[in-house]
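Both counts, for ligands and for their atoms, begin at 1 and track the order of listing.
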Amino acid sequence: MNTREDRVKWFMQDRFGLFIHWGLYSIPARGEWLRANEKISIEEYQPFFEEFNPVHYNPREWAKAAKAAGQQYAVLTAKHHDGFCLFDSQLTDYKATNTPAGRDLIKEYIEAFRAEGLKVGLYYSIIDWHHPDFPKYGDRYHPMRDNEEFQGEDTHFSNYVAYMHGQVKELLTNYGKIDILWFDFSYDDMTGEKWEAAKLVNMIRSMQPDVLIDNRLGGNIRLAEPEVYAGDFYSPEQIIPPGGIVNRANQPIPWEACITLNDHWGYHAKDLNYKSPKQVIRTLVECVSKGGNLLLNVGPNAKGEIPEQSLAILQVVGKWMRQNGDSIYGCTSSDLPKPEWGRYTQIGNYLYAHVYDRGIGPIYFQGLKGRIKKARLLADGSELHVETPWMAEQYSDIENGAFIDLSGAVLPDEMDTVIELELLE
Ligand code: FHN
């Protein structure tokens, strides 16, 4: 019986993944919540099913872009809240193989990303606004939540639960080894055993014991003895937990922050509010400096193309990762206090100083006097010298501090200049 600690080893090493939100909602191009936000009925949404034909869908290109960005795994929406299945499920007709696309988009994604050496995850919405037995009127989010036509409707939620479990079984049966099952999301009383989550997870573990599961089936992953369905990692969204995530015994637990590149998960044609490559790099560093992962999202359009703006950001991030990936992969938090000029990540006796603020004079390393065996600029491997310059003699912490004088008034990389410090054992 493998443990969570066994299962998450690769996850804690890989640190950086690609989230992909894609489906029928890419056609109206107003984000994946448009049915709920605009109270769109199944009938009003049906034209997008009739039309869906991503003629430029080439997941190998997606995989190459992710790999070049330094991402080590990916998570693609197999089914989002609208209930549309990108995979060839035998339990519904509401699937990509029945649209003009006529293909199993998940099969192609998994084959392509595996071929590029990336691990493959599947996002699966436990919410389903298409299934007839999912609660509608009075539900907190359902597109028909206020439509009195559905008041008193006779639904059989157990039918939906059986359908949901059956689809998860399909995903774990028909596509080989799946590395992550990313369930989304529980709310109000729609949580835990409402989904028959223990039975679901026991089935998952019997089929693919190594698959990672997020914490959105319900339960409390921070308990000393979490429920079987509480998951393998915590999944903060659009936020980085200030001090990382610990359980009730104050022990760090695996976590992954999922963050959009603009302000929407699914494709939104008018949302051009993209983060800069610098923001993405510093977000990734912050996650790792707090013991977590970053799952960075793209929302491909109706043609199956990742937006150019997203690709451009990923390319810049990838260049930085090629030079500085050692300060991310397998790294975690340091016990040292956060320095004024940036952040630390660490793996064993290698401490990585992520310098954001050049400041004036030498870079000051509190508490590291006599502890640094070697210092290198990570990007090019050039030697840096640890020495106490004259001006520090009178005005700085020469008792406990170490100093590195980066020549010049500007940093070699204003996004994040990384100094590799090999510490004495
Ligand atoms: O409702 C979803 C949303 O569409 C998106 O999939 C995010 C990604 O984590 N999860 C839910 C919102 O918390």
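- For H81, a nitrogen or oxygen atom sits less than 3.5 Å from a nitrogen or oxygen atom of ligand 1, counting backbone and side chain alike.
- Listed by atom number, the atoms of ligand 1 under 4.0 Å from W182 heavy atoms are 9 (O).
- Looking only at protein heavy atoms, the nearest one to atom 11 (C) of ligand 1 is D184 OD2, 2.9 Å.
- A donor and an acceptor atom, one from each side chain of E425 and N349, are located under 3.5 Å apart.
- Those atoms of ligand 1 that come under 4.0 Å of a heavy atom in F185, given as number and element, are 1 (O), 11 (C).
- With sequence neighbours excluded, no residue satisfies salt bridge (charged side-chain N to carboxylate O under 4.0 Å, His left out) with D413.
- Note that R35 lies in the cation-pi zone of Y45, set by a 6.0 Å cut-off to the ring centre and a 45° limit from the axis.
- Applying the 4.0 Å criterion to heavy atoms of C258 picks out, from ligand 1, the atoms 9 (O).
- Remark: ligand 1 atoms within the under-4.0 Å shell around heavy atoms of Y123 are 6 (O).
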Please list, one pair per line, the donor and acceptor atoms closer than 3.5 Å that link side chains of residues 193-200 to other protein atoms, with sequence neighbours excluded.
unit_1: E193; atom_1: OE2; unit_2: A198; atom_2: N; d: 3.0
unit_1: W195; atom_1: NE1; unit_2: S186; atom_2: OG; d: 2.9
unit_1: W195; atom_1: NE1; unit_2: M190; atom_2: O; d: 3.2

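- Between the CD atom of Q71 and the CZ atom of F113 there is a distance of 8.5 Å, given to the nearest 0.5 Å.
- Near H80, with a cut-off below 4.0 Å to any heavy atom, the atoms of ligand 1 are 3 (C), 4 (O), 5 (C), 6 (O).
- Aromatic ring orientation, Y160 versus F157: tilted (interplanar angle from 30° to 60°).
- Here the protein heavy atom with the shortest distance to atom 6 (O) of ligand 1 is H21 NE2, 2.7 Å.
- Residue-to-ligand polar distances keep W265 apart from ligand 1: every N/O pair is separated by 3.5 Å or more.
- Between R216 and ligand 1 there is a heavy-atom distance shorter than 4.0 Å.
- At the shortest separation from atom 13 (O) of ligand 1 among protein heavy atoms lies E237 OE1, 2.8 Å.
- When only non-hydrogen protein atoms are considered, atom 3 (C) of ligand 1 lies nearest to E32 OE2, 3.5 Å.
- Taking a cut-off of under 4.0 Å to the non-hydrogen atoms of W33, the atoms of ligand 1 that pass are 1 (O), 2 (C), 3 (C), 4 (O).
- Stacking of R282 on the aromatic ring of Y356 is recorded, both the 6.0 Å distance cut-off and the 45° axial limit being met.
- A ring-centre distance under 6.0 Å is not found for W22 and Y123.
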Apply ring-ring contact (aromatic ring centres under 6.0 Å, His included) to residues Y141 and W129 and explain how you reach the verdict.
CA-CA 9 Å; Y141 300 114; W129 297 329; 7.7 Å; no
